[in-house]
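Heavy atoms only: backbone and side chains are in, while hydrogens, waters and symmetry mates are out.
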Amino acid sequence: MNSKKKCRDELLLEIKDLQAENKRLIKLLEHSETDTQTSLSAISHELRNSLTLLMGSARFLEQDHPEIVSDPSWQSLWTDLLHMQTFLMDLSSFKSLQNISLSKQLCDLNALLKEICRDCQPLFDGIHRRLILLCPKVPVVLCADGRKLAHVFTNLIKNGMEALGDTGTVSLRVREASPKEAAMTGPEAIAVEVKDTGAGLSEDRKNKIFEPFYSEKSAGTGLGLSIARTIVEAHSGRITVTSDTERGTVFTVLLPRLPLAPDTVSPPLRKDTAT
């Protein structure tokens with residue numbers, strides 16, 4: 001009995017030591033994350049200031065020496081500067097979303113998507129590369145932050161466009177969520193599919209695509225899809241991806257629909273209209 005009691009006491013001591021060590025490691029991790037965020041903010045701020053000065057100097061050079069614009073090296077310089085500007089803007093968005101706050105209000109998802117597609121239409125020539133929106137005739141009302149959702153769908157459309165190459169289609173379709181999908185977000189869920197007919201994703205890329213800073217694009221920041229997922233999840237939604245190297249990629253954004261009053265019948269989403 002004494003031997004058992006001794007073993008038990010030693011085990012309890014070990015458990016207490018492990019609990020204390022666990023608390024210490026958690027505090028270290030919290031401090032590390034805070035320090036990282038602070039350092040990231042300071043570095044980002046300095047880079048933005050330097051970039052603003054660089055771009056300003058470049059504009060002055062263009063004004064004083066207009067012939068420089070036709071030089072391929074000058075065009076390459078501007079491409080790099082604009083890429084850095086995009087990266088810093090995405091980085092700023094990524095940091096601000098760590099403590100995301102939404103300005104929710106009632107909005108019609110169909111109207112929002114029509115506006116987004118209208119803004120993105122210049123990216124497509126309408127012949128070789130097309131952008132199509134299929135949505136129901138009845139309004140789909142959400143309580144959401146329209147500006148942040150616009151960021152999500154604009155990013156998905158641009159990604160789809162870049163996957164097309166010289167020809168293909170990016171299509172958006174609003175539909176009711178399947179029972180399996182609704183189980184992720186609740187029974188009143190709506191789905192928006194963003195599908196491209198591009199080359200598709202390998203299994204490895206598909207598994208990493210939402211990771212921050214992961215990108216295989218030469219001019220990609222690797223933050224767009226990470227930001228999109230954060231925004232969707234802040235709306236209590238989900239974003240999933242399926243892909244086939246022969247048929248393209250489909251991103252599905254699941255969002256909780258505005259709950260209807262008990263005496264209100266939910267209109268069916270059967271008749272799609274294309275724009």
Side-chain angles (χ1 to χ4, degrees), residues 93-94 96-117 120 132-160 170-196 201 203 205-212 214 223-244 248-273:
S93 297
F94 180 71
S96 66
L97 289 177
Q98 303 309 299
N99 297 303
I100 187 172
S101 61
L102 302 175
S103 299
K104 286 187 176 183
Q105 57 184 357
L106 296 182
C107 67
D108 178 6
L109 180 62
N110 294 342
L112 177 66
L113 292 175
K114 286 177 182 177
E115 184 179 347
I116 294 166
C117 287
C120 291
I132 298 173
L133 170 63
L134 297 168
C135 59
K137 292 182 179 179
V138 295
V140 178
V141 182
L142 305 177
C143 185
D145 188 323
R147 290 184 62 185
K148 286 188 169 64
L149 285 185
H151 183 105
V152 171
F153 291 111
T154 299
N155 182 273
L156 293 176
I157 290 171
K158 288 181 177 179
N159 278 358
V170 174
S171 59
L172 281 75
R173 182 165 77 99
V174 182
R175 61 171 175 78
E176 296 280 9
S178 68
K180 183 178 179 180
E181 291 170 334
M184 302 180 192
T185 57
E188 292 293 339
I190 208 75
V192 183
E193 291 181 352
V194 183
K195 180 180 180 180
D196 69 69
L201 304 169
E203 196 64 27
R205 284 186 66 196
K206 193 171 68 174
N207 292 334
K208 294 179 180 177
I209 201 166
F210 292 109
E211 292 179 7
Y214 172 77
L223 290 172
L225 287 175
S226 178
I227 292 170
R229 183 173 66 174
T230 301
I231 293 172
V232 171
E233 290 181 350
H235 281 84
S236 300
R238 291 284 298 275
I239 180 169
T240 62
V241 58
T242 58
S243 190
D244 188 301
T249 301
V250 182
F251 286 93
T252 303
V253 177
L254 303 171
L255 294 166
R257 193 174 183 176
L258 185 69
L260 300 174
D263 59 346
T264 304
V265 178
S266 175
L269 301 186
R270 291 177 183 171
K271 298 181 180 179
D272 290 346
T273 56

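Judged by distance alone, with hydrogens and angles left aside, the side-chain atoms of Asn110 form a donor-acceptor pair with the main-chain N or O of Pro136 at under 3.5 Å. No side-chain donor-acceptor contact under 3.5 Å links His151 to the backbone of Arg147. Side chain of Asp108 to main chain of Val141: no donor-acceptor pair is present (N/O by atom type, distance under 3.5 Å, no hydrogens or angles). Of the possible polar contacts, one joining the Asp145 side chain to the Ser103 backbone as a donor-acceptor pair under 3.5 Å is found.
Taking 4.5 Å as the limit, every side-chain heavy atom of Val250 sits out of range of all side-chain heavy atoms of Thr240. Inter-residue side-chain proximity for Lys195 and Arg173 is flagged as unmet; no heavy-atom pair is nearer than 4.5 Å. By the 4.5 Å heavy-atom criterion applied to side chains, Ile209 and Phe251 are counted as neighbours. With a 4.5 Å cut-off on side-chain heavy atoms, Leu156 and Ile239 count as touching. Ile190 is listed as a side-chain neighbour of Leu142, based on a closest heavy-atom distance under 4.5 Å. His235 is not listed as a side-chain neighbour of Thr185, based on a closest heavy-atom distance of 4.5 Å or more.
Distance OG1/Thr154 to CD/Glu115: 9.5 Å, rounded to 0.5 Å. Cys120 SG to Asn155 CG: the interatomic distance, rounded to the nearest 0.5 Å, is 10.0 Å. Rounded to the nearest 0.5 angstrom, Leu254 CG and Glu181 CD are separated by 5.0 Å.
Between Glu176 and Arg257, at least one side-chain N (NZ, or NE/NH1/NH2) sits under 4.0 Å from a carboxylate O, which counts as a salt bridge.
Closest approach of Cys143 and Lys104 over heavy atoms only: O-CD, 3.7 Å. The minimum heavy-atom distance between Ser236 and Pro256, with the atom names listed, is O-CD, 3.8 Å. The two residues Ala182 and Ala177 have their closest heavy-atom pair at N-CB, 4.1 Å.
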So Leu255 and Leu149, side-chain contact (heavy atoms from CB on, under 4.5 Å) or not? Walk me through it.
-> CA-CA 10 Å; Leu255 294 166; Leu149 285 185; 4.1 Å; yes
Checking side-chain contact (heavy atoms from CB on, under 4.5 Å) for the pair Val170/Val194: CA distance, chi angles, key distance, verdict?
-> CA-CA 7 Å; Val170 174; Val194 183; 4.3 Å; yes
Dump the intermediate steps for side-chain contact (heavy atoms from CB on, under 4.5 Å) on Cys117 and Leu172, then the final yes or no.
-> CA-CA 9 Å; Cys117 287; Leu172 281 75; 4.2 Å; yes
Leu113/Val174 under side-chain contact (heavy atoms from CB on, under 4.5 Å): CA gap, chis, key distance, verdict = CA-CA 9 Å; Leu113 292 175; Val174 182; 3.4 Å; yes
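Legend: residues meeting side chain to side chain donor-acceptor pair (under 3.5 Å) with Ser171, ordered by chain and number and at least two apart, are absent. For the side chain to side chain donor-acceptor pair (under 3.5 Å) test, no residue two or more places apart in sequence or in another chain qualifies with Thr242.
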